[in-house]
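Please read all numbers here as calculations on a predicted model, not as lab measurements. Here is the naming used below: chain letters follow the sequence lines, and residue numbers restart at 1 for every chain.
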Amino acid sequence: MTALPREFYMPNAVHVARTLLGQVLVRRLPDGARIEGRIVETEAYTGLDDRASHGKDRITPRNRIMWGEPGRAYVYKIYGMYWMLNVVAEPAGQPAAILIRAIEPLAGLDHIAARRASPEPRLWTTGPGRLALALDITNAQNGADLTRPDDGLWIEAGAPVPDASVRAGPRIGLGQTPEPWLSIPWRFWVAGNAFLSRPDKGVAGDR
DNA sequence: CCGAGGATTATCT
DNA sequence: GATAATCCTCGGA
């Protein structure tokens with residue numbers, strides 16, 4: 001298996017969020033452990049006008065990765081205790097990133113179990129905070145190049161998810177964000193998958 | 001089953 | 001000094 005090329009991340013963030021579904025996120029820990037998970041839920045954040053995006057205004061020390069090379073990891077801490085894993089998209093100079101919200105564990109389950117308190121696999125990688133804990137992702141992975149195995153975190157090609165299995169809806173946790181950004185359907189997920197951050201009600205909202 | 005509230009800190013104003 | 005792209009626990013029903 002080989003990592004997806006940088007060109008994969010060049011298109012606009014909404015398109016990349018859609019095509020990331022089904023791809024395989026791979027983590028190689030310092031001790032040699034290998035963990036793999038199929039991406040089943042994503043959210044797109046663009047720059048320019050998107051009021052929910054960290055890239056909405058200007059470059060700051062935290063968000064500078066968003067303006068850089070596509071195909072790299074943008075990791076930041078939220079609520080004082082959780083790390084969020086994002087993938088930078090669009091050409092350098094344009095702030096855009098995709099938040100990986102959930103993965104379906106494929107390999108390395110025992111390594112995840114060792115790190116997570118809950119004995120319930122469904123609670124290991126369902127949600128951005130949880131998946132970061134499961135894969136031991138912290139700010140040490142900020143800027144990691146996802147197009148190569150060198151940094152211990154990368155993305156490989158997985159089985160494509162057909163349009164019929166893709167659903168879209170509003171992004172989660174946006175709080176005071178004004179419309180239309182609050183409701184724009186830039187969250188994508190694999191219909192009916194058991195590892196979504198919240199249960200799939202079976203409702204479509206396609207785009 | 002469900003909703004409320006707490007945890008805990010980097011970041012920006 | 002307020003807020004945040006979240007998760008977990010606990011109390012009530």
For R115(A), the salt bridge (Lys or Arg N to Asp or Glu O under 4.0 Å) test, sequence neighbours excluded, returns none
Mind checking whether L106(A) and V24(A) have side chains closer than 4.5 Å, heavy atoms only? yes
Kindly write out the residues that satisfy side chain to side chain contact (heavy atoms under 4.5 Å, CB included) with R187(A), not counting sequence neighbours, or none if the list is empty. E41(A), E43(A), R101(A), R171(A), I172(A), W189(A), S197(A), R198(A)
Any pair counted as side-chain hydrogen bond (donor to acceptor under 3.5 Å, both in side chains), so long as it reaches residues 16-30 of chain A, sequence neighbours left out: R18(A)-D163(A)
Counting only non-hydrogen atoms, which of residues 55-88 of chain A are less than 4.0 Å from DNA chain B? R58(A), T60(A), P61(A), R62(A), Y79(A), G80(A), M81(A)
Could you check which residues of residues 124-131 of chain A get a heavy atom under 4.0 Å from DNA chain C? Sort them by number, please. G127(A), P128(A), G129(A), R130(A)
Considering every strand and a 4.0 Å limit on heavy-atom distances, what is the contact class for R51(A): base, sugar-phosphate, or nothing? nothing
The ring-ring contact (aromatic ring centres under 6.0 Å, His included) partners of Y76(A) (sequence neighbours excluded) come to H54(A), Y74(A)
Does the side chain of P11(A) come within less than 4.5 Å of V16(A)'s, by heavy atoms? yes
Does CD in Q176(A) sit with more than 12 non-hydrogen atoms of other residues, nucleotides or ligands closer than 6.0 Å? no
Ignoring hydrogens and geometry, is there a side-chain-to-backbone donor-acceptor pair from T125(A) to I103(A) under 3.5 Å? yes
Donor-acceptor check, side chain of W154(A) to backbone of T2(A), threshold 3.5 angstrom: yes or no? no
Residues in side chain to side chain contact (heavy atoms under 4.5 Å, CB included) contact with P170(A), at least two apart in sequence or another chain: none
Ignoring hydrogens and geometry, is there a side-chain-to-backbone donor-acceptor pair from D151(A) to L153(A) under 3.5 Å? no
Tightest non-hydrogen contact, residues E90(A) and A13(A), listed as OE2-N, 2.8 Å
Hey, are the side chains of D136(A) and L29(A) touching, using non-hydrogen atoms and a 4.5 Å cut-off? yes
Taking atom types as modelled and ignoring hydrogens, do the side chains of T126(A) and R130(A) form a donor-acceptor contact shorter than 3.5 angstrom? yes
Side-chain donor or acceptor of Q141(A) paired with backbone N/O of T138(A) under 3.5 Å: yes
Dot-bracket for DNA chain C: what is it, with Watson-Crick or G-U pairs under 3.5 Å, [ ] where a pair crosses earlier ones, and | for a pair to another strand? ||||.|||||||.
Between I65(A) and G143(A), the two heavy atoms sitting closest are CD1-CA, 4.0 Å
Side chain to side chain contact (heavy atoms under 4.5 Å, CB included) partner of F188(A), the single match among L20(A), V14(A), I39(A): V14(A)
Counting only heavy atoms and a strict 4.0 angstrom limit, can you tell me which residues of residues 132-147 of chain A come near DNA chain C? none
Does any residue of residues 94-103 of chain A have a heavy atom under 4.0 Å from DNA chain C, and if so, which ones, in number order? L99(A), R101(A)
Hydrophobic cluster membership, with links at side-chain heavy-atom distances under 4.5 Å among I/L/V/M/F/W/Y: are L131(A) and L146(A) in one? yes
Students should find that the nucleotides of DNA chain C closing off the region near chain A, any atom under 4.0 angstrom from a heavy atom, are dA4(C) to dC8(C)
Could you tell me the boundaries of the chain A footprint on DNA chain B, defined by atoms under 4.0 Å from its heavy atoms? dA7(B) to dT13(B)
Chi angles and distances behind the side chain to side chain contact (heavy atoms under 4.5 Å, CB included) call for N86(A), I98(A): CA-CA 5 Å; N86(A) 296 253; I98(A) 322 302; over 6 Å; no
Between P105(A) and L109(A), which heavy-atom pair has the shortest distance, and what is it? CB-CD1, 3.6 Å
